[in-house]
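This report refers to the structure that appears directly beneath it.
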2 protein chains.
Amino acid sequence: MQSPKPESVLSLAILGLVSQHPRSGYDLRKTFATTPMGHFSSSPGAIYPALKRLEERGLVEGKTEGADTLKPKRVFGLTDDGLETLRAELRRPIGRDDVIWHVEALVLRFAFMGDVLGRPATLEFLGAFRDRMADYLPTLEQTAQELKDEGRTHAAVAVSHGLEQYRAHIRWATAATQTLSQDADRE
Amino acid sequence: MQSPKPESVLSLAILGLVSQHPRSGYDLRKTFATTPMGHFSSSPGAIYPALKRLEERGLVEGKTEGADTLKPKRVFGLTDDGLETLRAELRRPIGRDDVIWHVEALVLRFAFMGDVLGRPATLEFLGAFRDRMADYLPTLEQTAQELKDEGRTHAAVAVSHGLEQYRAHIRWATAATQTLSQDADRE
DNA sequence: AATTTCATGTAACCAGTTACATGATTCA
DNA sequence: TGAATCATGTAACTGGTTACATGAAATT
């Protein structure tokens with residue numbers, strides 16, 4: 001039970017967002033629909049059930065605002081358990097799986113990390129992120145080279161898309177480290 | 001019915017792979033598990049049902065090899081309908097949705113396009129790919145700039161990850177166009 | 001008065017994950 | 001002979017999609 005299975009991306013996004021300030025399901029939908037965080041559902045059929053699950057697990061807590069009015073509204077905030085779970089997820093070491101299958105989740109973790117874990121932990125994360133990405137790169141480079149040598153140009157070009165992606169990850173992490181280091185006194 | 005709903009990524013991957021040469025479920029699993037195409041399931045619980053569905057839709061056809069032996073093997077090939085569907089999917093114009101949610105599928109389409117549609121169509125696709133990505137870029141750039149101006153450095157850095165990704169897409173498409181143009185007589 | 005936006009939800013469906021089950025074949 | 005690999009599949013569960021449903025509040 002050391003590492004409680006990683007949250008699904010949507011749960012993570014919700015936990016992170018309500019950690020900033022309490023939000024209703026509708027607020028979440030709006031956020032997903034209108035901000036660049038919007039590689040997410042935004043569909044009620046995803047969000048309301050997800051909120052219900054998180055509430056059942058005791059990670060978020062819904063308070064009904066304006067219970068007296070005709071149009072009451074449920075606003076969700078993080079519980080202590082929720083914060084703990086979020087922290088745990090943000091601190092989870094980056095594994096090969098994350099690098100191959102869940103890069104989006106890693107970036108999402110970064111996005112919430114500033115507020116929840118602070119600057120030093122964030123810089124550590126970025127370093128690990130860069131290193132894991134760099135670990136994976138040679139595998140791809142080799143495959144691309146082999147394909148090229150075999151004269152399978154088209155296939156090599158397809159693989160090189162992945163290469164460019166990973167290089168971009170690395171570049172980003174490096175630049176981000178720079179930016180956040182220099183910005184030490186802000187925020 | 002003009003544009004039949006796009007194939008799921010997994011179906012597309014399977015159609016593309018069996019279009020190259022007939023494969024068994026196990027072959028597909030191996031491919032997904034060992035090649036850089038492997039951002040895919042590779043789990044039997046995904047592949048065998050997917051094959052069954054494709055067969056029911058008449059897109060692939062399974063032939064039992066060695067029906068006499070004790071260990072018969074089902075090898076799947078594309079039907080005419082399957083080829084037609086694959087072609088249609090590969091030719092589907094790139095929309096905003098694809099650029100935001102299904103980039104992986106676009107790259108997969110590229111990967112199979114060389115054999116199925118030929119070089120000229122592929123170059124056209126790459127041009128469209130680059131243009132759609134370029135269309136999307138300014139939105140992100142603006143968001144990043146706004147966040148920066150508001151002093152929300154961390155958020156701006158998070159968004160800049162997306163920026164780097166899209167720039168990498170564009171760079172790749174440009175380079176790929178180059179490579180494939182110069183390689184005109186190969187393959 | 002009509003339309004849009006706010007706001008919450010459900011139900012049917014679909015597809016993928018994990019884990020299980022089975023058994024043949026090949027290799028050490 | 002025991003382990004690894006070949007090979008195919010199922011079942012329960014999970015979570016997301018689409019579409020539906022409802023109705024208040026605000027805007028035009």
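Letters A, B, ... mirror the listed sequences (proteins, then strands); counts begin at 1.
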Check: Closer than 4.0 Å, any side-chain N/O of Arg53(A) to the OP1 or OP2 of dG15(D)?
Finding: yes
Next item on the list: Using only side-chain N and O atoms of Lys52(B), determine if any of them is under 4.0 Å from OP1 or OP2 of dG9(D).
Entry: no
Margin query: Check Arg53(A) with Glu56(A), please: is the shortest side-chain N to carboxylate O separation under 4.0 Å?
Written below: no
Next item on the list: Using whole Å, report how far NZ of Lys73(A) lies from P of dG9(C).
Entry: 13 Å
Notebook entry, point to check: If you measure from the Lys or Arg side-chain nitrogens to the Asp or Glu carboxylate oxygens, is any gap between Arg92(A) and Glu89(A) under 4.0 Å?
Noted result: yes
Notebook entry, point to check: Closer than 4.0 Å, any side-chain N/O of Ser8(A) to the OP1 or OP2 of dT14(D)?
Noted result: no
Notebook entry, point to check: Do the side chain of Ser160(B) and the main chain of Leu163(B) share a donor and acceptor less than 3.5 angstrom apart?
Noted result: no
Check: Rounded to the Å, how far apart are Ile47(B) CD1 and dT18(C) P?
Finding: 13 Å
Next item on the list: For the pair Asp183(A) (side chain) and Leu180(A) (backbone), establish whether a donor and an acceptor sit closer than 3.5 Å, ignoring hydrogens and angles.
Entry: no
Notebook entry, point to check: OH of Tyr48(A) versus C1' of dG16(D): gap in Å, rounded?
Noted result: 16 Å
Next item on the list: Go through dG9(D), dA7(D), dT8(C) for me and flag the one nearest to the Arg74(B) side chain.
Entry: dG9(D)
Note to self: What is the separation between atom OH on Tyr26(B) and atom C1' on dG23(C), rounded to the nearest whole Å?
What the structure shows: 14 Å
Note to self: If the threshold is 4.0 Å, N to carboxylate O, is there a salt bridge linking Glu164(B) and Arg167(B)?
What the structure shows: yes
Next item on the list: Identify whether any heavy atom of Gly45(A) sits under 4.0 Å from a base atom; if not, whether one sits that close to sugar-phosphate; answer base, sugar-phosphate or nothing.
Entry: base
Margin query: Expressed as a whole number of angstroms, how long is the span from Arg23(B):CZ to dC6(D):P?
Written below: 15 Å
Next item on the list: Look at Ser43(B) and dT18(C) and indicate whether a side-chain polar atom (N or O) is within less than 4.0 Å of OP1 or OP2.
Entry: no
Checklist line | Nucleotide dG16(C), atom C1' - distance to CG of Leu10(B) in whole Å | finding: 9 Å
Note to self: Classify Lys30(A) by what it touches in the nucleic acid, base, sugar-phosphate, or nothing, heavy-atom distance under 4.0 Å.
What the structure shows: nothing
Checklist line | Arg29(B) CZ - dC6(D) C1' separation (whole Å) | finding: 10 Å
Next item on the list: Quickly work out the Leu28(B) CG to dG16(C) P distance and round it to whole Å.
Entry: 13 Å
